[in-house]
Amino acid sequence: MTCSTAPPRALYGEETPTHDGRAWTVTYHAHDYDERVRLYAEHMQGMARMTSERGAKLVAVLQPALFEKTPLSEVEHVLLAGYLQAHPSLESLTGSYEAMRRELQQLEARDVASVADCSRAFNGEARTTFSDIWHFSDPGHELLAQCMRDVLVKALRTPATPTSP
């Protein structure tokens with residue numbers, strides 16, 4: 001999910017017309033959460049198809065999200081408060097992430113993807129694990145690696161059987 005651009009297909013920092021007529025800033029968000037989730041699902045389904053056609057299974061990782069972490073460190077409280085200024089509510093973000101989680105679960109249920117849901121891998125960690133809304137400190141990287149380990153080891157031990165496209 002692109003975090004602060006509009007429309008959803010725009011690159012981060014790409015100046016675009018705003019929906020409300022205000023001047024564009026790098027933190028502008030069009031609040032088009034459903035469309036962003038739809039595009040995410042479309043892209044993940046396409047990747048699952050591509051890997052399946054090659055005899056492999058997609059490995060998908062839903063990365064940790066600052067807005068889902070508890071407890072937050074002092075630094076993370078400041079980061080989250082700044083990030084939320086561009087959004088109508090915390091629920092708009094958590095709802096979108098839950099929809100993304102469901103999309104990945106559907107791919108896994110169809111056996112076309114292995115999913116490591118690491119979205120809450122930092123929960124319970126008091127240290128600062130985020131360096132901004134989506135990037136991690138060293139303790140965060142360590143926790144993310146631990147979360148991904150089992151899914152990746154299993155994927156690497158399962159030989160691919162390529163099929164012709």
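Just so you know, these numbers use all the heavy atoms, side chains as well, and skip hydrogens, waters and symmetry mates. Positions are given from 1, in the same order as the sequence printed here. Since the structure is predicted, the reported quantities are computational estimates derived from the model, not experimental observations.
- For Asp132, the CG atom counts as densely surrounded, since its 6.0 Å shell holds more than 12 non-hydrogen atoms of other residues, nucleotides or ligands.
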Mind running salt bridge (charged side-chain N to carboxylate O under 4.0 Å, His left out) on Arg38 and Glu42 for me, showing each step along the way?
-> CA-CA 6 Å; Arg38 188 191 67 71; Glu42 182 181 298; 2.9 Å; yes
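- Using a 4.5 Å cut-off on side-chain heavy atoms (C-beta onward), Met100 and Met44 make no contact.
- Residues Trp134 and Leu104 fall within the same hydrophobic cluster, defined by Ile, Leu, Val, Met, Phe, Trp and Tyr side chains chained together at heavy-atom separations under 4.5 Å.
- Separation of atoms OG (Ser119) and CD (Glu98) is listed at 8.0 Å; rounding is to 0.5 Å.
- In this structure, CG in Leu84 is found 9.0 Å from CZ in Phe67, a value given to the nearest 0.5 Å.
- Nearest approach of Pro88 to Tyr33, heavy atoms of both residues: CD-OH, 3.2 Å.
- Residue Ala126 comes nearest to Ser73 through the heavy atom pair O-CB, 3.6 Å, listed as atom of the first residue, atom of the second, then distance.
- The environment of Asp34 atom CG is sparse: at most 12 non-hydrogen atoms of other residues, nucleotides or ligands sit within 6.0 angstrom.
- Rounding to the nearest 0.5 angstrom, the gap separating the OG1 atom in Thr158 from the NZ atom in Lys57 is 7.0 Å.
- In this structure, a donor-acceptor pair under 3.5 Å is present between the side chains of Glu76 and Thr129.
- Atom-to-atom distance recorded for Ser89:OG and His31:NE2 is 9.5 Å, nearest 0.5 angstrom.
- Side chains of Arg36 and Ser96: no donor on one and acceptor on the other come within 3.5 Å.
- Residues forming a ring-ring contact (aromatic ring centres under 6.0 Å, His included) with His77 (at least two apart in sequence, or on another chain): none.
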Gln106/Gln45 under side chain to side chain contact (heavy atoms under 4.5 Å, CB included): CA gap, chis, key distance, verdict | CA-CA 10 Å; Gln106 289 175 14; Gln45 290 164 11; 5.6 Å; no
Enumerate donor-acceptor pairs with a distance under 3.5 Å from any side-chain N or O in residues 139-148 to protein atoms, sequence neighbours excluded.
| residue | atom | partner | partner atom | Å |
| --- | --- | --- | --- | --- |
| His141 | ND1 | Phe136 | O | 3.4 |
| His141 | ND1 | Ser137 | O | 3.2 |

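- With hydrogens and angles disregarded, no donor-acceptor distance shorter than 3.5 Å links the side chain of Glu68 to the backbone of Arg120.
- Side-chain contact between Tyr97 and Arg102 is absent, with no heavy-atom pair separated by less than 4.5 Å.
- Counting all heavy atoms, side chain and backbone alike, Leu80 lies closest to Leu66 at N-CD2, 3.7 Å.
- Under the 4.5 Å side-chain criterion, counting only non-hydrogen atoms from C-beta, Val59 is in contact with Leu152.
- In terms of heavy-atom proximity, Phe122 sits nearest to Lys69 at O-CE, 3.5 Å.
- Residues Ala48 and Leu107 share a closest heavy-atom pair of CB-CD2, 4.3 Å.
- Side-chain heavy atoms closer than 4.5 Å link hydrophobic residues (I, L, V, M, F, W, Y) into clusters, and following such links, even through other members, never connects Leu39 to Met50.
- Taking OG from Ser92 and NE2 from His87, the interatomic distance works out to 6.5 Å, rounded to the nearest 0.5 Å.
- Between atom OH of residue Tyr83 and atom CG of residue Leu79 there is a gap of 12.0 Å, rounded to the nearest 0.5 Å.
- The nearest pair of heavy atoms linking Asp117 to Leu62 is OD1-CD2, 3.8 Å.
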